[in-house]
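Report on the structure given below.
As a basis for the values below, the full set of heavy atoms in this structure was taken, side chains included, without hydrogen atoms, waters or symmetry mates. This structure is a prediction, so every number in the text was calculated from the model and none was measured.
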Amino acid sequence: MYTIGDFARLGRVSVRMLRHYDVLGLLRPARVDQVTGYRYYEAGQLSRLNRLIALKDLGLTLHEVGRILAEKVGTDELHGMLRLRRAQLEAQVADDMARLVRVEARLRMIETEGIMPADIVIKSVPAVRVAELSATADGFESDKIGSVVQPLYRDLCDRVEAAGLVFTGPAIAYYEPVPEGVRVHAGVQVNLQPGGTYDFDVVDLPALERAATLIHEGGMESVDVSYQQLARWIVDSGHSGSGVAREVYLNYGEGDPAGWVTELQEAVTRAE
């Protein structure tokens, strides 16, 4: 038999918690001294305590814990519940981190309000032929675009490689609003010959006689800041934009996003 203090030490819980579990009927002492009221526990009760703590830490209420303990949940079931809860917590952490990134991006947008970027260049952009796959995203938010465009590029690169084609220039993505959300176009410049049959689309992107261009450095989670800077510059400089921009990935890979370089291109005309 162990005193409540010794049992708490072995179980890595507090005496107060053991008393609480006793009151709730989740873990009764093996014996209570009728004179002193001291609680005593047996070593075998550590098994129930371990299950109780594990279930509670999985996020279950104590009422749910009591019900499951009454069903004598086995080790395999506990492992299954743990795997499920781990997946839920990992998804929650990912969502929270993505939310923080979006908030940080919005703060950067606010900080840059009224600041005219000095590195926007007007230039002509030649026509280019690309291999392309497309899909629809729910909206223009960076995370929604990213969750669609990244799988598209992985799939497209596999198909281009299987077709025996060679990349001849940087990848180019562009977006268009559709009733369902945003149509995401992921394209790569390759040595395409007319008349070929492929399991991807072949698209000729037209030349842009006058394009406002801006170099965005870093990961795409902050590209919205650059887009807003480009849009403000177009208006403030007396131009009208097409509303559809291209993203040309000048330096992009699996490494540190801090080193990525993307050129944003939007066709413009002089405002009347």
Side-chain angles (χ1 to χ4, degrees), residues 2 4-30 39 41-107 133-159 180-182 184 186 219-224 253-258:
Y2 296 98
I4 191 171
D6 288 339
F7 191 75
R9 176 177 54 80
L10 290 172
R12 296 296 188 266
V13 295
S14 67
V15 170
R16 179 186 60 81
M17 191 60 68
L18 287 177
R19 289 173 178 155
H20 184 54
Y21 293 156
D22 182 11
V23 171
L24 296 178
L26 292 173
L27 183 59
R28 301 285 194 190
R39 297 171 173 87
Y41 295 82
E42 295 177 343
Q45 290 182 281
L46 288 170
S47 175
R48 184 177 178 88
L49 176 62
N50 290 334
R51 283 165 169 75
L52 194 164
I53 298 300
L55 291 168
K56 183 172 72 70
D57 286 346
L58 284 173
L60 300 177
T61 66
L62 290 178
H63 175 75
E64 292 170 327
V65 169
R67 179 176 53 79
I68 293 173
L69 288 176
E71 297 172 357
K72 301 187 185 305
V73 61
T75 303
D76 289 343
E77 293 172 282
L78 279 174
H79 277 297
M81 296 171 71
L82 174 61
R83 285 192 293 270
L84 176 60
R85 183 57 176 162
R86 179 187 290 120
Q88 292 172 338
L89 290 174
E90 288 174 348
Q92 180 180 324
V93 169
D95 287 343
D96 289 342
M97 290 301 297
R99 186 177 299 110
L100 287 174
V101 169
R102 291 196 298 272
V103 170
E104 185 178 354
R106 289 292 173 181
L107 289 175
L133 290 177
S134 60
T136 301
D138 291 337
F140 275 103
E141 296 90 336
S142 296
D143 57 332
K144 293 180 179 179
I145 294 291
S147 65
V148 173
V149 74
Q150 292 172 10
L152 281 178
Y153 269 117
R154 286 193 292 268
D155 189 10
L156 179 61
C157 289
D158 289 342
R159 297 187 188 199
E180 304 81 28
V182 183
V184 177
M220 300 307 289
E221 72 281 351
S222 61
V223 74
D224 296 339
E254 299 298 327
D256 186 358

**Asked** How close do Ala186 and Val149 get, heavy atom to heavy atom, and via which atoms?
**Response** CB-CG2, 4.2 Å

**Message:** Tell me if a side-chain donor or acceptor on Glu90 pairs with a main-chain N or O of Ala87 at a distance below 3.5 Å.
**Reply:** no

**Complete:** Gly5 and Val15 have their tightest heavy-atom pair at CA-CG2, 4.0 Å

**Heavy-atom closest contact (Gly146 atom, Pro151 atom, distance)** = O-CD, 4.0 Å

**Item:** Pairwise distance CG(Leu49) to OH(Tyr41) - rounded to 0.5 angstrom
**Value:** 9.0 Å

**Asked** Quick one: does Ser47's side chain have a donor or acceptor within less than 3.5 Å of a partner on Gly44's backbone?
**Response** no

**Request:** Scan for side chain to side chain donor-acceptor pair (under 3.5 Å) pairs involving residues 4-15, sequence neighbours excluded, and state none if there are none.
**Result:** Thr3-Asp6

**Item:** Residue pair Lys144, Val182: steps toward the side chain to side chain contact (heavy atoms under 4.5 Å, CB included) verdict
**Value:** CA-CA 10 Å; Lys144 293 180 179 179; Val182 183; over 6 Å; no

**Item:** Test salt bridge (charged side-chain N to carboxylate O under 4.0 Å, His left out) applied to Arg86 - qualifying residues, sequence neighbours left out
**Value:** none

**Rounded distance [0.5 Å steps], NE2 in His63 versus CG in Leu24** = 11.5 Å

**Between CZ on residue Arg85 and CD on residue Gln92, distance to nearest 0.5 Å** = 6.5 Å

**Item:** Enclosure of Tyr2 OH (heavy-atom neighbours >12, cutoff 6.0 Å)
**Value:** no

**Residues in salt bridge (charged side-chain N to carboxylate O under 4.0 Å, His left out) contact with Arg154, at least two apart in sequence or another chain** = none

**Item:** Gap between atom CG of Leu69 and atom CG of Leu62 - 0.5 Å precision
**Value:** 10.0 Å

**Asked** Can you list the residues that meet the salt bridge (charged side-chain N to carboxylate O under 4.0 Å, His left out) rule with Arg39, with sequence neighbours excluded?
**Response** Asp22

**Complete:** Contacts satisfying salt bridge (Lys or Arg N to Asp or Glu O under 4.0 Å) that involve residues 56-68 (not counting sequence neighbours) are Arg67-Glu71

**Fill in**
The reported gap from CG in Leu89 to CG in Leu84 (rounded to nearest 0.5 angstrom) is 9.5 Å

**Prompt:** Taking only residues two or more places apart in sequence, or in another chain, which ones meet Asp158 in a side chain to side chain donor-acceptor pair (under 3.5 Å)?
**Reply:** none

**Item:** Separation of Ile4 CD1 from Leu18 CG (nearest 0.5 Å)
**Value:** 5.0 Å

**Asked** So do Phe7 and Leu27 actually touch side chain to side chain, heavy atoms under 4.5 Å?
**Response** yes

**Message:** Could you report the tightest heavy-atom contact between Arg48 and Gly25, atom names first, then the distance?
**Reply:** NH2-O, 4.5 Å

**Asked** Do you know the tightest heavy-atom contact between Ile145 and Ala137?
**Response** CD1-CB, 4.2 Å

**Item:** Distance-minimising heavy-atom pair for Val148 and Thr136
**Value:** CG2-O, 4.0 Å

